[in-house]
Amino acid sequence: MSFKLLGLSEPLLKAISKKGYETPSPIQAKAIPPVLDGYDVLASAQTGTGKTAGFTLPMLHILSETKKEKFRPIRALVLTPTRELAAQVYANVREYSEFLNIRSAVIFGGVNQKPQAANIRKGVDVLVATPGRLLDLQSQGLLSLKRVEIFVLDEADRMLDMGFLRDIERVMKLMPDKRQNLMFSATFSKDIKKLAFNILKNPVQVEATPENTAVEAISQKVYRVAKGLKTGLVIKLISEGNWQQVLVFTRTKHGANKLTKKMISAGITAAAIHGNKSQGARTKALKGFKDGSIRVMVATDIAARGLDIPLLPHVINYEIPNISEDYVHRIGRTGRAGAKGEAISLVSADETVYLKAIQKLIGEKLPVEIIEGFEPDPNASTEPIKPGQGRNNRRGQSQNRKPKTDRKKADGNSSRSNNRNKSRSRNRNRRSNN
Ligand code: AMP
């Protein structure tokens with residue numbers, strides 16, 4: 001199978017070959033033809049499968065085939081949950097459209113809106129956006145979605161996790177009914193299926209990995225360990241294994257900062273990446289991590305979403321997530337593009353329930369090991385931390401927070417906090433800890 005056989009135009013083939021891609025990834029081979037044929041597509045694919053090119057290439061092909069008007073209305077909208085993912089998708093759009101007459105722009109919160117609005121005013125064919133900033137600019141009359149022909153919802157499951165359902169519904173109302181819709185998601189809960197039903201018309205379904213299953217190329221392991229010994233164990237694993245590129249997940253921003261400091265004290269170069277970090281700090285950390293000057297990146301779930309890190313050999317769950325789907329997302333960061341990866345989870349007694357839930361979701365029992373000197377505490381309670389207790393609990397921790405500020409941090413949105421219902425508030429609380 002070659003990209004040429006998929007029916008993509010010469011300028012796109014040139015850009016693909018410049019990127020060094022030789023053959024389409026499975027999701028690309030499956031998704032590109034129906035998208036080119038104008039079908040709605042529902043794709044099951046996680047980051048690392050090449051999904052971005054899976055929707056970007058045919059989208060650009062379609063857009064470039066029609067004659068351009070003097071003023072460029074937004075004809076394709078890609079909605080992503082996080083600014084990192086938006087920036088990454090935009091970078092891909094730019095690269096793939098290098099030899100086409102296509103203009104694109106990206107907008108997300110947390111930065112000044114003026115340059116973004118000015119860019120759009122000049123006319124763009126493709127807009128990549130996070131929901132908050134998109135609706136903000138739209139409500140100010142700075143952009144219109146009335147001419148959108150192709151709508152892409154990327155990482156739809158994460159969108160719902162982050163409480164963007166109402167925003168997605170609002171965005172849909174701003175676009176014409178007649179349009180092509182593409183939806184990508186790593187997991188398929190009931191809510192996702194419902195959303196797909198509402199957005200897509202007679203979709204072609206494509207899959208890169210089986211639903212809700214962990215990628216086979218990833219070797220997974222659990223270390224049972226006492227809570228207080230986790231930091232020591234992480235440092236031992238990284239130092240003794242001489243691991244050079246490790247992504248470590250913590251459940252909270254505070255936890256990420258604390259662990260990063262301890263690693264640095266132990267002589268391991270590390271940086272934290274989470275919602276409280278400025279865009280500049282995140283970009284710098286990611287750059288360092290990619291070029292090898294930073295060995296360990298400590299991240300919270302939402303901050304890590306959409307990070308484009310090819311061939312990541314090690315992922316460590318310092319704490320396992322209490323939302324099982326997050327586990328699949330986290331370990332999806334390793335074993336990318338056919339390379340084998342290792343996903344390690346440190347599990348203390350109070351995480352037992354979460355471990356069981358994860359094993360149920362992925363349909364397998366994870367091998368458990370205990371390392372001498374880092375044994376679990378036999379007297380520790382297996383009772384999970386209840387909401388409202390302890391700072392490791394997302395919902396509990398966020399109860400005292402001001403939702404408005406939290407939301408602003410997560411998506412940089414500022415002006416639309418009035419029409420929230422209870423479920424939004426719950427989801428917002430989840431976001432606030434990332
Ligand atoms: P994505 O799943 O879209 O985040 O892509 C994951 C990584 O795979 C990115 O670094 C892409 O540049 C790369 N990639 C995408 N398509 C291909 C391909 N056909 N061959 C090789 N690498 C690819």
Side-chain angles (χ1 to χ4, degrees), residues 1-9 12-33 35-36 41-61 76 78-98 104 106 126 128 152-159 182-187 206-209 214-215 217-218 245 247 283 286-287 289-292 297 299 302-313 315 328-341:
M1 172 62 78
S2 72
F3 280 104
K4 201 169 181 161
L5 283 178
L6 293 177
L8 295 167
S9 63
L12 285 167
L13 294 175
K14 200 169 152 190
I16 292 166
S17 114
K18 196 172 167 194
K19 280 285 277 180
Y21 304 164
E22 283 166 7
T23 48
S25 70
I27 195 71
Q28 290 161 2
K30 287 179 194 171
I32 293 174
V35 179
L36 284 177
V41 168
L42 176 61
S44 160
Q46 39 184 290
T47 310
T49 54
K51 68 180 171 66
T52 316
F55 62 78
T56 308
L57 293 170
M59 177 181 82
L60 291 171
H61 180 108
V78 183
L79 212 52
T80 76
T82 62
R83 29 192 176 186
E84 277 83 11
L85 186 61
Q88 184 189 314
V89 169
Y90 173 63
N92 276 282
V93 170
R94 289 285 300 254
E95 284 173 326
Y96 301 142
S97 61
E98 185 181 344
S104 51
V106 63
V126 181
V128 184
V152 184
L153 190 61
D154 196 12
E155 305 209 344
D157 45 356
R158 179 58 46 159
M159 287 272 191
L182 316 175
M183 184 167 147
F184 285 74
S185 190
T187 54
V206 295
E207 226 178 278
T209 46
V215 182
I218 303 169
Q245 204 180 33
L247 180 60
T283 310
L286 187 58
K287 188 170 170 287
F289 189 56
K290 279 187 180 176
D291 70 21
M297 195 155 76
I302 288 177
R305 199 72 177 128
L307 295 184
D308 181 26
I309 310 157
L311 307 176
L312 195 59
V315 168
V328 181
H329 288 301
R330 287 182 181 189
I331 69 163
R333 310 253 142 226
T334 180
R336 311 184 73 178
K340 205 168 167 70

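Residue indices begin at 1 and follow the sequence shown. All values below were derived from every heavy atom in this structure, side-chain atoms included, with hydrogens, water molecules and symmetry-related copies excluded. Just so you know, ligand 1 is whichever comes first in the structure, and atom 1 is the first atom listed for that ligand.
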Under 4.0 Å from a heavy atom of S25: which atoms of ligand 1 are those, numbered in the order shown and with their elements?
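In order of numbering, the contacting atoms are 19 (N).
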
Which atoms of ligand 1 sit under 4.0 Å from any heavy atom of T23?
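This gives 18 (C), 19 (N), 20 (N) as the contact atoms.
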
Could you work out, for atom 16 (N) of ligand 1, the closest of K19, K51, Q28, E95 by heavy-atom distance?
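Selected option, by shortest heavy-atom distance: Q28.
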
Criterion side-chain contact (heavy atoms from CB on, under 4.5 Å) against T80, the qualifying member of L153, V152, L85
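For T80, the side-chain contact (heavy atoms from CB on, under 4.5 Å) check succeeds only for L85.
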
Can T187 and D157 be counted as having a side-chain donor-acceptor contact under 3.5 angstrom?
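Distance-only check passes for T187 and D157.
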
Side chain, backbone, both or neither: which applies to F55 and ligand 1 if a contact is any heavy-atom pair less than 4.0 Å apart?
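Neither part.
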
Any nitrogen or oxygen of [X], main chain or side chain, under 3.5 Å from a nitrogen or oxygen of ligand 1?
X	answer
N92	no
A53	no
T52	yes

Main-chain N/O of T49 paired with S25 side-chain donor or acceptor, under 3.5 Å:
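Such a contact is found between S25 side chain and T49 backbone.
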
Please check: side-chain N/O of H61 versus main-chain N/O of L8, any donor-acceptor pairing under 3.5 Å?
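Here the side-chain-to-backbone pair does not exist.
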
With sequence neighbours excluded, tell me which residues meet salt bridge (charged side-chain N to carboxylate O under 4.0 Å, His left out) with K19.
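K19 satisfies salt bridge (charged side-chain N to carboxylate O under 4.0 Å, His left out) with E95 once adjacent residues are dropped.
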
Pairing residues for F184 by the ring-ring contact (aromatic ring centres under 6.0 Å, His included) criterion, not counting sequence neighbours:
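F184 satisfies ring-ring contact (aromatic ring centres under 6.0 Å, His included) with F55 once adjacent residues are dropped.
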
